[in-house]
2 protein chains.
Amino acid sequence: MPKDTLPGLTACNYAMLRRATRKLGQFYDDVQAPSGLKATQQGLLYQIHIGNEPAMGAIAAALVMDLSALGHTLKPLIRDGYVETFADPDDRRIKRVRLTRQGRIKLDEAMKLWQLAQQRFEDVVGKEKAERLRAVLDDISALDFDLPPAT
Amino acid sequence: MPKDTLPGLTACNYAMLRRATRKLGQFYDDVQAPSGLKATQQGLLYQIHIGNEPAMGAIAAALVMDLSALGHTLKPLIRDGYVETFADPDDRRIKRVRLTRQGRIKLDEAMKLWQLAQQRFEDVVGKEKAERLRAVLDDISALDFDLPPAT
DNA sequence: CGTTGAAAGTGGTATATGCCACTAAATCAA
DNA sequence: TTGATTTAGTGGCATATACCACTTTCAACG
């Protein structure tokens, strides 16, 4: 197959997803920059906020994120005083997470910027289309790709 | 607003995109693991392959990726002998990139695994739906989110 | 009770990405 | 031609993520 007719990356679902994620990351991060939080951090603070002092594992599961990755990602937020952790009294293996007062304030601040970015995105893409996109992405996050056992 | 009715992360386009990307990354990486390449690396090799000894900047633009990020990402591939670079003779600022022989062989190997992952994804999600998804993501990567100048 | 195995996190290592400051090279002006 | 500007990359630093090997706790069982 001559190079000219080779399919581009557009054929790969994962490559497309990554590329769009980079694009949106640059945009959301840019809008949220004044808060000093990356969009990822704002999302994580929000996830903690809406949880009930969630356990690390619960957060990781909700975000479809590796537990250790979550631990690493949490560190700057703890260092900066936005988040604190404490052992679950009933099961000391479990570490629970909550926002500090500063964290709540910072999240409020970041959410205002988030709304700007979100609004702008929907203005450009279209509200309906954005909603459908999120629905598809939500589905994908919940999928089970296990190959059927070769029995 | 009581916590019970707070919108989850599902409202955020970027958060959904990231979460789905993590999910797919785990899946594609897992399938492609036997090749020793991450799915991101396979995608990058492919992008180089279909280009005509592309310049770094051209690759970065095609992937909507920061130029310095591309430089960093390229390093392990150069180290492992899959990719090599050379200065453009007509403009010594420009660094061009190409696959080595080993790189072409490795890419072939990885592409076979990629097809498995891709096929499996489309079996689970549906070919049509996957195609629409990619189209939307492709659109997003090309958008211009600049706020209209406040003149 | 102990032993044993599962569950929850931690730390190390590696890749993925982005921003910023800086250098080198080419272009544009005066 | 020379000085200012723009273009293309590099390197340093920071965050985002993943996997793996460990450690600590629990829970289950004999």
Nearest-nucleotide 5' precedence on DNA chain C, A:I94 against A:K38: A:I94
Residue met sooner reading DNA chain D from 5', once A:R93 and A:T40 are mapped to nucleotides: A:T40
Separation of C:dT17 P from B:Q47 CD (nearest whole Å): 13 Å
A:K75 side-chain N/O to C:dG11 phosphate OP1/OP2 under 4.0 Å: yes
Whole-Å gap separating P (D:dT17) and CG (A:L74): 12 Å
5′-ward residue of the pair A:D90/B:D91 relative to DNA chain D: B:D91
Test item: B:R96 side-chain N/O and B:D88 main-chain N/O as donor-acceptor pair under 3.5 Å: no
Distance, rounded to the nearest Å, where A:D29 contributes CG and D:dT15 contributes C1': 10 Å
From A:L17 atom CG to B:T21 atom OG1, the distance as rounded to the nearest 0.5 Å: 3.5 Å
Whole-Å distance separating the OH atom of B:Y28 from the P atom of D:dC19: 17 Å
Backbone N/O of A:A142 and side chain of B:K23: donor-acceptor pair under 3.5 Å: no
Per A:R92 side chain, nearest of listed nucleotides C:dG12, D:dG9, D:dC26: D:dC26
For atom CZ of A:R19 and atom P of C:dA16, their distance in whole Å: 18 Å
C:dG18 phosphate, OP1 or OP2, under 4.0 Å from A:Q26 side-chain N/O: yes
Length of the line joining A:D66:CG and C:dA8:P, which is rounded to integer Å: 14 Å
Rounded distance in Å - CG (B:L70) to P (C:dA16): 11 Å
Parallel, tilted or perpendicular: ring planes of A:F121 versus A:Y28, cut at 30 and 60 degrees: tilted
Touch class at under 4.0 angstrom, heavy-atom based, for A:R96 against every strand present: nothing
Separation of C:dA8 C1' from A:D88 CG (nearest whole Å): 11 Å
Sugar-phosphate, base or nothing in reach of A:G71, heavy atoms under 4.0 Å: nothing
Check: C:dG9 base within 3.5 Å donor-acceptor of A:H72 side chain: no
Cation over ring face, A:R120 and A:F27, 6.0 Å, 45°: no
